[in-house]
There are 2 protein chains.
Amino acid sequence: MRPPAATVFVVDDDESVREALSSLMRSVGLRVKTFSCGAEFTRYEREDVPACLVLDVRLPGVSGLELQRQLTEAGTDIPIIFVTAHGDIPMSVRAMKAGAMEFLSKPFRDQDLLDAIEKALEHDECARIAHAQAAGLRARYETLTLREREAMACVVRGRLNKQTADELGITEITVKVHRRHIMAKMQAKSVADLVRMAEKLG
Amino acid sequence: MRPPAATVFVVDDDESVREALSSLMRSVGLRVKTFSCGAEFTRYEREDVPACLVLDVRLPGVSGLELQRQLTEAGTDIPIIFVTAHGDIPMSVRAMKAGAMEFLSKPFRDQDLLDAIEKALEHDECARIAHAQAAGLRARYETLTLREREAMACVVRGRLNKQTADELGITEITVKVHRRHIMAKMQAKSVADLVRMAEKLG
DNA sequence: GCCCGGCTTATACCAATGTATAAGTTCGCA
DNA sequence: TGCGAACTTATACATTGGTATAAGCCGGGC
């Protein structure tokens with residue numbers, strides 16, 4: 001089950017290739033958006049939907065591998081499928097090490113690309129769900145005041161209230177107040193919950 | 001700092017290659033053990049020290065990629081560096097997707113191999129440390145009785161003792177006894193500790 | 001038959017945590 | 001100057017958790 005608005009981005013400097021790939025993908029019901037160079041893709045403001053990137057290695061201006069590096073750098077973890085006519089082993093190894101999902105040499109079978117896209121979109125969907133949960137968690141954490149964060153750190157380290165009070169130089173009563181605020185703001189139903197949240201926050 | 005007994009395993013059917021690689025590695029102080037086919041390596045009983053595997057893709061009998069699959073299957077997660085004279089892109093991509101650390105085409109520069117080995121050994125050392133910790137944790141968990149495990153599951157889910165008692169159909173007093181045993185056997189100094197342990201146990 | 005480990009319960013007490021309510025201080029910003 | 005947020009403390013009480021000590025039940029193995 002593909003999510004409704006899943007989109008495939010294609011970056012290739014050869015217009016005929018772009019059209020061929022677009023046609024192939026549209027034939028199986030995928031939404032496609034094409035770009036002729038890396039900069040054009042970088043500028044484009046993407047919707048927040050599952051997506052993947054079909055990327056030629058050899059491009060005018062920024063190379064495919066360099067674009068991959070830039071995206072990683074920027075924290076844009078869109079799954080990348082490389083396609084290239086002039087690839088070699090070191091290039092493919094570098095791309096895979098940098099986290100590419102697939103590396104296909106032209107000519108490749110249509111089905112190989114479609115399979116890779118299917119897998120990449122599923123992967124991205126999972127990653128988005130995980131990312132959204134992490135973002136929600138972080139957002140809740142951001143609502144904590146400085147002191148509450150310090151108290152939370154003590155709690156998840158298993159400190160007793162009196163020990164926490166000592167560390168923070170306050171009374172146990174104040175620690176209890178902080179604790180209540182922490183549990184409420186983080187929407188944690190138990191200390192166990194809070195510990196798991198803290199683990200995910202890193 | 002390389003650990004003292006780190007060992008590099010080489011599987012290649014060409015004796016001259018084995019000797020050349022051995023010589024290269026020994027020249028930088030690495031311990032080496034060579035094999036002429038996959039089965040020979042599989043049979044060999046390795047010491048429990050940091051290691052990596054330099055593996056030719058084309059081998060008599062079991063291929064390098066197949067050996068990689070077998071090792072993964074068996075839970076042997078030794079880092080693998082592929083070397084091959086007759087490689088192609090799909091082969092390298094498959095190897096990397098299956099978790100290979102590196103894929104080098106012959107001829108390659110000696111330093112490239114040595115760099116890859118260095119990285120693989122470091123990786124294996126980290127993995128071994130993590131694995132040892134996980135094993136210790138699991139060993140402690142194994143000492144828990146059935147009932148204690150059930151109680152632990154409740155505790156890490158944030159249940160109150162009375163709720164746990166309800167779920168297990170016992171009194172709160174008994175739950176407290178179980179809890180004490182759990183904390184002692186797991187060597188957890190706090191509930192927070194225990195939750196983290198449970199997370200690692202999966 | 002007896003011992004042991006696992007499982008259970010009990011009493012009594014102390015420590016820790018949570019809740020409710022109220023209020024003081026400090027500091028920046030309107 | 002006054003308001004609000006953050007931080008602080010307090011009292012009083014209820015609930016929960018932890019410790020110490022003791023002991024009953026049951027099933028498997030020596």
Side-chain angles (χ1 to χ4, degrees), chain A residues 133-202, chain B residues 133-202:
Chain A
Q133 286 174 344
L137 189 61
R138 188 152 289 281
R140 294 202 295 281
Y141 183 73
E142 301 292 345
T143 69
L144 297 187
T145 67
L146 173 60
R147 221 53 172 147
E148 284 162 356
R149 289 178 206 185
E150 290 172 343
M152 175 168 161
C154 289
V155 172
V156 301
R157 263 157 50 214
R159 295 282 180 278
L160 299 179
N161 285 350
K162 64 166 63 172
Q163 295 173 316
T164 301
D166 234 43
E167 282 187 44
L168 302 186
I170 55 181
T171 63
E172 202 180 323
I173 299 136
T174 311
V175 174
K176 288 187 186 183
V177 174
H178 286 323
R179 264 184 98 132
R180 205 137 55 99
H181 293 164
I182 292 165
M183 299 300 282
K185 287 183 179 177
M186 295 300 287
Q187 295 167 30
K189 285 188 285 297
S190 64
V191 177
D193 263 5
L194 196 68
V195 171
R196 275 184 287 268
M197 290 178 185
E199 288 295 289
K200 281 175 198 152
L201 284 169
Chain B
Q133 286 173 344
L137 188 61
R138 187 151 290 282
R140 295 202 295 281
Y141 183 72
E142 302 292 346
T143 69
L144 297 187
T145 67
L146 173 60
R147 221 50 173 150
E148 283 161 359
R149 289 177 206 187
E150 290 172 344
M152 175 169 160
C154 289
V155 171
V156 300
R157 264 157 50 215
R159 294 282 180 276
L160 300 180
N161 284 349
K162 64 165 62 173
Q163 295 173 317
T164 301
D166 235 44
E167 282 186 43
L168 302 186
I170 55 181
T171 64
E172 202 179 324
I173 298 135
T174 310
V175 174
K176 287 187 185 182
V177 175
H178 287 324
R179 264 184 98 134
R180 204 136 54 99
H181 293 163
I182 293 165
M183 299 300 281
K185 287 184 178 178
M186 295 300 287
Q187 294 167 31
K189 285 188 286 297
S190 64
V191 176
D193 264 3
L194 196 69
V195 172
R196 275 184 287 268
M197 290 180 185
E199 287 297 287
K200 282 174 197 151
L201 284 168

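Protein chains get the first letters and strands the later ones, always in sequence-line order, with residue 1 at the start of each. What's counted below: heavy atoms across the whole structure, side chains too, no hydrogens, waters or symmetry copies.
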- Message: Within this structure, what is the CZ-CE distance for the pair A/Arg179 and A/Met183, rounded to the nearest 0.5 Å?
- Response: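 Spacing of CZ (A/Arg179) from CE (A/Met183) equals 7.0 Å.
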
- Query: Can you tell me how far the CE atom of A/Met197 sits from the CD atom of A/Gln133, to the nearest 0.5 Å?
  - Reply: 11.0 Å

Counting C-beta onward and ignoring hydrogens, is there a side-chain heavy-atom pair between [X] and [Y] closer than 4.5 Å?
X	Y	answer
B/Lys185	B/Arg140	no
B/Arg196	B/Asp193	yes
A/Leu137	A/Met186	yes

Please report the distance, rounded to the nearest Å, between [atom1] in [X] and [atom2] in [N].
X	N	atom1	atom2	answer
A/Asp166	C/dA16	CG	P	12 Å
A/Met152	D/dC7	CE	P	15 Å
B/Glu172	C/dT8	CD	P	15 Å
A/Arg147	D/dT8	CZ	P	4 Å
B/Leu144	C/dC7	CG	C1'	14 Å
A/Glu148	D/dA5	CD	C1'	11 Å
A/His181	D/dT8	NE2	P	12 Å
A/Ile182	D/dC7	CD1	P	11 Å

- Query: Quick one: on DNA chain C, does B/Ile170 or B/Thr143 contact a more 5' nucleotide (nearest heavy atom)?
  - Reply: B/Thr143

- Starting at the 5' end of DNA chain C, which residue's closest nucleotide do you reach first, A/Leu160 or A/Ile173? A/Leu160

[X], nearest nucleotide to its side chain (from [options]):
X	options	result
A/Lys176	D/dT8, C/dT9, C/dT19	C/dT19
A/Arg180	D/dT11, D/dT8, C/dT21	C/dT21
B/Asn161	C/dC7, D/dG18, D/dT8	D/dG18
B/Thr174	D/dG17, C/dT8, D/dT9	C/dT8
B/Thr145	D/dT16, C/dT17, C/dC7	C/dC7
B/Leu146	D/dC7, D/dA10, C/dC7	C/dC7

- Message: Please confirm whether the shortest side-chain N or O distance from B/His178 to OP1 or OP2 of C/dT8 is below 4.0 Å.
- Response: yes

- If you pin B/Met183 and B/Val177 to their nearest nucleotides in DNA chain D, which one's is more 5'?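 Its nucleotide being nearer the 5' end, the pick is B/Met183.
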
